[in-house]
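Okay, so here's the structure we're looking at.
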Amino acid sequence: MKKQAHLIVIRLSAMGDVAMTAPLLRAFAHQYPEVKLTVCSKPGWEPLFQEVPNIHFFPVDTKGKHRGFIGILRWFWDIKKMHPTHVADLHEVVRSKIFRSLANLTGIRTAYTPKARKEKKQLTLLQHKTLHPLTPIIERHQQTFHKLGFVVNWKHAIAPARLLPKKVQATVQNFPKPWIGIAPFAQYATKVYPTILMQEVLEQLSNKTQGTIFLFGGGAKETAQLQQMATAPNIQVVAGKFTLTEELGLISNLQVMLSMDSANGHLAAIYGVPVVTLWGATHPYLGFTPFQQPLENSLLPNREQYPFLPTSVYGKKQVPGYENAMHTIAPEEVVAKILGLSTS
């Protein structure tokens, strides 16, 4: 009797990076229902895969049980008991490389997504350059699946909107539509639209829409900042009010999401919600645009004034003289794009 195929997928990164894999895994699960699918990721990210049928989530506790080399061995042997046949390493860091090597030694077929570091470095050199788009990360993950013999197309990749969880329903049921989500923060300052300009966006939007604007963020500091931004009755702060599962329910029912180059854009894209992204030191050509979002939804700084852009792959690197690059994205342009998508 032929052994049932069992694919292990490794992606241990930040929430946005993990969320980007959800459309691929959903498409895979629909096209290969006979293949067992286990995702190894950080504890807490399981809700991102709620729309993936027949998926098993394995939390990798890199700060506890699975910390260090002994922890990696423990992780591998826990997975080995599940009789995997294939491993797709979508992270490609030391931890996942060791896991992959152990899998190879025990006869498990493996493949990984290359980081494309050389190409990214070329695109972020501090010099005048001609920009060209790199292969999007989601397509490189798709190619990793192909290496393992699983040819995946994008049919069924987009998840339908979720039913609103009871707590969310009770909170938002009387708020008029269109529902507009705004997530004004990012991990690094080089990717964050200036607060004074974001306030202008909110003021213009609140005056021009009959709908409701929901502000998303995380942590006490961001929540406090959002409370200060919510200066009109149709601006509602949802940061800190819901669990991730509940928040995803709301996001999936938005008419449009405004995000930086950050996680919330990828969360909305799981459900095909139109996403407007604002870019600073990074750039959509680096391959991290939200899934199936058109390039015209990416609003960029003026490269005539800041010709070295993009200057960073993830936004961590700050370049003197480029601190105000995002000031060249006009609030009026942002508002016009949001309104156009929220009524289409």
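The first residue of the sequence shown is numbered 1, and numbering continues consecutively from there.
Annotation: the span from Cys40 atom SG to Phe57 atom CZ amounts to 8.5 Å, rounded to 0.5 Å. Separating the CD1 atom in Ile72 from the CZ atom in Phe69 is a distance of 7.0 Å, to the nearest 0.5 Å. With rounding to the nearest 0.5 angstrom, the OG atom of Ser312 is 13.5 Å from the NE2 atom of His283. Annotation: the span from Trp179 atom CH2 to Ser342 atom OG amounts to 14.0 Å, rounded to 0.5 Å. In this structure, CG on Leu205 lies 8.0 Å from CD1 on Ile235, to the nearest 0.5 angstrom. How far CG of Leu341 is from CG of Leu254: 12.5 Å, rounded to the nearest 0.5 Å.
By the 4.0 Å N-to-carboxylate-O rule, Asp17 lies too far from Lys42 to be salt-bridged with it. Between Arg162 and Glu51, at least one side-chain nitrogen of the basic residue sits less than 4.0 Å from a carboxylate oxygen of the acidic one, meeting the salt-bridge criterion.
Within 6.0 Å of atom CG in Asn54, 12 or fewer heavy atoms from other residues, nucleotides or ligands are found, so the atom counts as exposed in its surroundings. Within 6.0 Å of atom CD in Gln173, more than 12 heavy atoms from other residues, nucleotides or ligands are found, so the atom counts as buried in its surroundings. Residue Ile196 qualifies as open at atom CD1: its count of foreign heavy atoms under 6.0 Å is 12 or below. The 12-atom threshold is not exceeded at NZ of Lys316, counting heavy atoms of other residues, nucleotides or ligands nearer than 6.0 Å. The 12-atom threshold is not exceeded at CG of Leu163, counting heavy atoms of other residues, nucleotides or ligands nearer than 6.0 Å. Surrounding CD of Gln236 are more than 12 heavy atoms belonging to other residues, nucleotides or ligands, all under 6.0 Å away. For Glu304, the CD atom is loosely surrounded, since the number of other residues' heavy atoms within 6.0 Å does not exceed 12. For Arg67, the CZ atom is loosely surrounded, since the number of other residues' heavy atoms within 6.0 Å does not exceed 12.
The closest side-chain heavy-atom distance from Gln204 to Lys208 is below 4.5 Å. Put simply, the side chain of Pro23 does not reach to within 4.5 Å of the side chain of Ile158, judged on heavy atoms. Contact check for Val334 versus Glu332: no side-chain heavy atoms found under the 4.5 Å cut-off. Considering only heavy atoms from C-beta on, Leu197 comes within 4.5 Å of His327 through its side chain. The shortest side-chain heavy-atom distance between Leu123 and Lys129 does not fall under the 4.5 Å cut-off. You'll find the side chain of Phe58 stays beyond 4.5 Å of the side chain of Ile8, heavy atoms only. Two residues are said to be in side-chain contact when any heavy atoms from C-beta on lie closer than 4.5 Å; Ile180 and Thr209 meet this criterion. Annotation: side chain of Val256 is not in contact with side chain of Pro178 (no heavy-atom distance under 4.5 Å).
Side chains of Thr277 and Ser259: a donor-acceptor N/O pair is absent below 3.5 angstrom, by distance only. Between His91 and Ser13, the side chains place a donor N or O and an acceptor N or O closer than 3.5 Å (distance only, hydrogens not considered). Judged by distance alone, the side chains of Asn234 and Thr212 never bring a donor and an acceptor atom under 3.5 Å apart.
Hydrophobic cluster membership differs between Leu300 and Val313, with clusters built from Ile, Leu, Val, Met, Phe, Trp and Tyr side chains linked at under 4.5 angstrom. Cluster annotation: Leu105 and Leu73 are assigned to distinct hydrophobic clusters (Ile/Leu/Val/Met/Phe/Trp/Tyr, side-chain heavy-atom contacts under 4.5 Å, transitive). Residue Ile251 is grouped with residue Val18 when hydrophobic side chains (ILVMFWY) are merged at heavy-atom distances under 4.5 angstrom, including chains of intermediate members. Hydrophobic clustering (ILVMFWY, side-chain heavy atoms < 4.5 Å, transitive): Ile213 and Phe242 are in distinct clusters. The cluster map of Ile, Leu, Val, Met, Phe, Trp and Tyr, joined by side-chain heavy atoms under 4.5 Å apart, puts Val238 and Leu244 in the same cluster.
Just one of Arg140, His141, Lys147, Glu92 meets the side chain to side chain donor-acceptor pair (under 3.5 Å) condition when paired with Thr113; it is His141. For the pairing with Phe28, the ring-ring contact (aromatic ring centres under 6.0 Å, His included) check across Trp154, Phe150, Phe49 returns one residue only, Phe150.
The side-chain tip of Lys221 does not point at the ring of Phe185 from less than 6.0 angstrom away and within 45° of straight on. Judged by the 6.0 Å distance and 45° axis criteria, Lys80 is not positioned over the aromatic ring of Trp77.
For the residue pair Ala22 and Val52, the shortest heavy atom distance occurs at O-CG2, 4.1 Å. Of all the heavy atoms in Val275 and Ala269, the pair that sits closest is CG2-N, 4.1 Å. Minimum heavy-atom separation, Ala157 to Arg26: O-CD, 3.8 Å. In terms of heavy-atom proximity, Leu7 sits nearest to Val35 at N-CG1, 4.0 Å. Among all heavy-atom pairs drawn from Asp89 and Ser96, the shortest one is OD2-OG, 2.9 Å. Shown here for Trp279 and Thr289, the closest heavy-atom pair between the two residues is CZ2-CG2, 3.9 Å.
Between the side chain of Glu139 and the main chain of Thr135, no donor-acceptor pair closer than 3.5 Å is present. Remark: side-chain polar atoms of Gln305 are not paired, donor with acceptor, to backbone N or O of Ala325 under 3.5 angstrom. When atom types are taken as modelled, the side chain of Thr124 and the backbone of Thr311 share no donor-acceptor pair closer than 3.5 angstrom. Counting only distance, with no hydrogens or angles, the side chain of Tyr112 and the backbone of Val93 share no donor-acceptor pair below 3.5 Å. Formation of a donor-acceptor pair under 3.5 Å by the Arg74 side chain with backbone atoms of His66 is not found in this model. For the pair Asn297 (side chain) and Gln293 (backbone), a donor-acceptor distance under 3.5 Å is absent. Under a 3.5 Å cut-off, the side chain of Glu323 and the backbone N or O of Gly321 do form a donor-acceptor pair. Put simply, the side chain of Lys241 gets close to the backbone of Val237: a donor and an acceptor are under 3.5 Å apart. A donor-acceptor pair is defined here as one N or O able to donate and one able to accept, closer than 3.5 Å; such a pair exists between the side chain of Glu222 and the backbone of Gly218. The closest donor-acceptor contact from the side chain of Gln199 to the backbone of Met229 lies under 3.5 Å.
Phe288 and Tyr314 have tilted rings, their planes meeting at an angle from 30° to 60° on a 0 to 90° scale.
Between His266 and Phe291, the distance separating the two ring centers is not shorter than 6.0 angstrom.
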Worked verdict on Leu267 versus Asn264 for side-chain contact (heavy atoms from CB on, under 4.5 Å): CA-CA 5 Å; Leu267 298 179; Asn264 282 280; 4.0 Å; yes

